[in-house]
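Just below is one structure, and these are the notes that go with it.
Counting starts at 1 for both ligands and their atoms, following the listed order. Sequential numbering from 1 along the given sequence is applied to the chain's residues.
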Amino acid sequence: MWDDAAVPSFPALATDIRADLCVVGLGATGLCAILEARALGLSVVGIDATVTAGGAAGANGGILRAGLSRFHHEAVAAYGRVRASALYALTAAEIDRIATETPDAVRRSGSLRVAANDAEWGDCLAQLAAMQADGIAVEERHTPFGRGVFVPHDAVVQPILRGRSLARMAAERGAQLFEHTAALRFSTGEVKTPGGRISCDAIVIAVDGGLELLVPSLADRVRTTRLQMLATEPATDVTVPCPVSANFGFDYFQQLPDGRIALGGGRNRSFDTEWSAPAEPSDVIQAYLDGVLRDRICTNAKVTHRWGARVAYSTDGLPVLEEVSSRVWATGAYSGTGNLMGALCGRAAARMALGTDSDLHALLHQAVSASSVQASAISASPQ
Ligand SMILES: Cc1cc2nc3c(=O)[nH]c(=O)nc-3n(C[C@H](O)[C@H](O)[C@H](O)COP(=O)(O)OP(=O)(O)OC[C@H]3O[C@@H](n4cnc5c(N)ncnc54)[C@H](O)[C@@H]3O)c2cc1C
C-alpha cells in the first residue's frame, strides 16, 4: 500500500565491526537516533532484523497528531498541565521538523477527531477546552463524518517514503547500515549478530513492537499488541479532506491524494486476540474495518490491501526512554502513536547514550510537581 518502489538495500553484517554507537532497529526511531549521533560527530552502526522501515514504522496509518497517546485533556489529568503542555509542544514542533527533513513524505492537512455519540462528544468538548486553555489552535467542526475537533497544525506522512529517505540520509552521512542482521544478544559494549559482533561504547535499542521481548526487564510495564489496517482502490464516491480518528481514537482513516483510503482500528473489538499476535490481518478485526469503510466512511471502493503490524503499549501511556543496563538505552512503547514521539525519543536516546542531555528525557521522567497538579485541576474545571 505505502510501498514507493524505491527500495534502498543494505547488506547483512558478515564480520566483526566497531563504532561509537550501535543502534538496533532501523524504523524511523532508530534512524533518527543514527542521524542524531552522526550530527554529534560519532561513528554509528545500525542493524535491523528485517529491512529498513520493515516494522510498524513502514506500515502505519501515517497520521502526525501532536500530543501524547492520550488526548490532551486526559494527558493533562494524568501528567499535569505543565508537563502535558510541554510534551505537546515538543511533538507539535516535531511535525515541522519532519516536514522540513522529508518534505516529499509530508502533507499539512490538519486532523479531525469525530464523536460517534453524545458521550464521545462530551469527551471531544473536554479535549477542546483543555487545548484552548493551553493556547493550542483547535476548532469545533461539523463534518459528514460527525461533529468533532479539528487541529489545523497536524499532518500526514507517507511512512515508508519517510523511512527510506531517512535511511538514505543516514548512509550518505556516514552511518553503516545492515539489514537482515538481528541482535541476538547485547551487553555493555557489545551486540552479537549471526554474522559478527559489534563492539561499541553505547547501544540504543529502538524497537517498538516486541520491546519487552528484547528487554525482559520492561515486561511489567510494556506489552506488545497487533494493530490492523486495510486500504482501498481510489475512491471516487467520497472525499476525506484530512485524517480522521473516531471511536475514542481506536479507529482512524485518511484519503491519499490519489483517492485511496487507508483505514485502521478495531483493536477495542477484540483486545484479547490482539495482544502478542503476529503481524498479520485477522478475520474479526478486518470484518469490523469493512463495516467502518461501508457504513461510516460510506464508500464502495474495493479493498486492495489488508495488513497487521506490531507495536508496544505502556501501562502509564508514556513512552519508554531509559537506560536498561549500563550504556544500553531502550526506547519504544509509544502506545500506538509513535510517528512523532518515536522520532523525538530516537534522538533523545542517542544523546543520552552518548552522555549528552535531553529535554525530552527530563520531561518524561519528571515527577508530577505540585504546580502541575494544581494546573491540571484548573484545566479540568469547566471553561
Ligand atoms: C497499523 C498501525 C497503524 C499506526 N498508525 C499510526 C499513526 O497513524 N500515527 C502514529 O503516530 N503512529 C501510528 N502507529 C504507531 C507507529 O507506527 C509506531 O509507534 C512507530 O512506527 C514505531 O517506529 P519504531 O521505529 O520505533 O519501531 P518499529 O517500526 O517497530 O521498528 C523497529 C525495527 O526493529 C527491528 N527489530 C526488531 N527486533 C530486532 C532485533 N532483535 N535485532 C535487530 N532489529 C530488530 C524490526 O525489524 C523493525 O524494523 C501505528 C502502528 C501500526 C502497527
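Closest to atom 18 (C) of ligand 1, if we only count protein heavy atoms, is Asp208 OD2, 3.3 Å. Given atom 13 (C) of ligand 1, the protein heavy atom at minimum distance is Gly336 O, 3.2 Å. For atom 34 (O) of ligand 1, the closest non-hydrogen atom of the protein is Gly25 CA, 3.3 Å. For atom 10 (C) of ligand 1, the closest non-hydrogen atom of the protein is Asn339 ND2, 3.2 Å. Closest protein heavy atom to atom 5 (N) of ligand 1: Gly61 N, 2.9 Å. The nearest heavy-atom contact from the protein to atom 38 (N) of ligand 1 is Val207 CG2, 4.0 Å. Protein heavy atom in closest approach to atom 44 (N) of ligand 1: Ala49 N, 2.9 Å. For atom 16 (C) of ligand 1, the nearest protein heavy atom (residue, atom name, distance) is Gly338 N, 3.8 Å.
Side-chain heavy atoms closer than 4.5 Å link hydrophobic residues (I, L, V, M, F, W, Y) into clusters, and following such links, possibly through other members, connects Val114 to Val240. Taking hydrophobic clusters as Ile, Leu, Val, Met, Phe, Trp and Tyr residues chained together by side-chain heavy-atom distances below 4.5 Å, Leu256 does not share a cluster with Ile261. Linking Ile, Leu, Val, Met, Phe, Trp and Tyr residues whenever their side-chain heavy atoms come within less than 4.5 Å places Met229 and Ile63 in a single cluster. Note on Ile205: it clusters hydrophobically with Leu218, by side-chain heavy-atom contacts below 4.5 Å among ILVMFWY residues. Linking Ile, Leu, Val, Met, Phe, Trp and Tyr residues whenever their side-chain heavy atoms come within less than 4.5 Å leaves Met341 and Val215 in two separate clusters.
Residue Ala182 places a heavy atom less than 4.0 Å from ligand 1. Using a non-hydrogen distance threshold of 4.0 Å, Gly332 does not register as a contact of ligand 1. Contact annotation: Leu31 has no heavy atom less than 4.0 Å from any atom of ligand 1. Within the structure, ligand 1 lacks Gly342 among the residues with a heavy atom less than 4.0 angstrom away.
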Worksheet item: Should Asn117 and Glu120 be marked as a side chain to side chain contact (heavy atoms under 4.5 Å, CB included) after you check the CA-CA gap, both sets of side-chain angles, and the distance that decides it?
Response: CA-CA 5 Å; Asn117 50 38; Glu120 191 168 1; 3.4 Å; yes
Discussion item. Could you go through Arg347 and Glu94, starting from their C-alpha distance and side-chain angles, then the distance that decides it, and tell me whether this counts as side chain to side chain contact (heavy atoms under 4.5 Å, CB included)?
Written reply: CA-CA 11 Å; Arg347 288 201 301 277; Glu94 188 61 27; 2.5 Å; yes
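The atoms of ligand 1 that sit less than 4.0 Å from any heavy atom of Ile63 are 7 (C), 8 (O), 9 (N), 10 (C), 11 (O). Every atom of ligand 1 is numbered from 1 in the order shown, and the set under 4.0 Å from a heavy atom of Ala309 is 53 (C). Listed by atom number, the atoms of ligand 1 under 4.0 Å from Gly55 heavy atoms are 29 (O), 49 (O). Listed by number with element, the atoms of ligand 1 under 4.0 Å from a non-hydrogen atom of Ala59 are 1 (C), 2 (C). Per-residue contacts place Thr181 under 4.0 angstrom from the following atoms of ligand 1 (heavy atoms of the residue considered): 43 (C).
Contacts between Ala28 and ligand 1, counted as non-hydrogen atom pairs separated by less than 4.0 Å, involve the backbone only. Counting heavy atoms under 4.0 Å from ligand 1, residue Asn60 touches it through both backbone and side chain. The proximity of Val24 to ligand 1, defined as any non-hydrogen pair under 4.0 Å, is limited to the side chain. With a 4.0 Å heavy-atom cut-off, ligand 1 is reached by no atom of Pro159.
Nearest-residue assignment for atom 26 (O) of ligand 1 (options Thr224, Leu166, Thr29, Ile47; heavy-atom criterion): Thr29.
Taking any N or O of Leu227, backbone or side chain, none lies under 3.5 Å from an N or O belonging to ligand 1. Inclusion of Thr50 in the set of residues having an N or O under 3.5 Å from an N or O of ligand 1 is warranted. Residue contacts with ligand 1: Ala206 is placed with no nitrogen or oxygen under 3.5 Å of a nitrogen or oxygen of the ligand (distance criterion only). Distances between N or O atoms of Ala183 and those of ligand 1 include at least one value under 3.5 Å. Not one N or O of Met229 is nearer than 3.5 Å to an N or O of ligand 1, by distance alone. Annotation: Ala57 places an N or O atom under 3.5 Å from an N or O atom of ligand 1; distance criterion only. By the 3.5 Å distance cut-off applied to N or O atoms, Leu214 is not counted among the residues near ligand 1. Geometrically, ligand 1 and Asp48 share a nitrogen or oxygen pair separated by less than 3.5 Å. Among the atoms of Arg310, none of the N or O lies under 3.5 angstrom from an N or O of ligand 1. For Leu26, no nitrogen or oxygen atom sits less than 3.5 Å from a nitrogen or oxygen atom of ligand 1, counting backbone and side chain alike.
Side-chain atoms of Lys302 and Thr232, non-hydrogen and from C-beta on, never get closer than 4.5 Å to each other.
Residue Thr331 forms a side chain to side chain contact (heavy atoms under 4.5 Å, CB included) with just one option from Leu360, Val324, Leu321, and that option is Leu321.
Between Glu274 and Arg267 there is no salt bridge, since none of the side-chain N atoms of the basic residue sits less than 4.0 Å from a carboxylate O of the acidic one. Taking a cutoff of 4.0 Å between a charged side-chain nitrogen and a carboxylate oxygen, Arg81 and Asp134 qualify as a salt bridge. Using a 4.0 Å cut-off between charged side-chain N and carboxylate O, Asp3 and Arg164 make a salt bridge.
A search for side chain to side chain contact (heavy atoms under 4.5 Å, CB included) contacts involving Met131 returns His72, Tyr88, Gln127, Ile136, Val138, Val151, not counting sequence neighbours. By the side chain to side chain contact (heavy atoms under 4.5 Å, CB included) test, Ala49 pairs with Ala182, sequence neighbours left out.
Using bins of under 30°, 30° to 60° and over 60° for the plane-to-plane angle, the ring pair His305/Trp307 lands in the perpendicular bin.
By the neighbour-count criterion of 12 heavy atoms within 6.0 Å, atom CG of Asp359 is sparsely surrounded, having that number or fewer from other residues, nucleotides or ligands. Other residues, nucleotides and ligands contribute more than 12 heavy atoms inside 6.0 Å of the CG atom of Asp295.
In this structure, Arg113 forms a cation-pi arrangement with Phe71, its terminal cationic atom sitting closer than 6.0 Å to the ring centre and no more than 45° off the ring axis.
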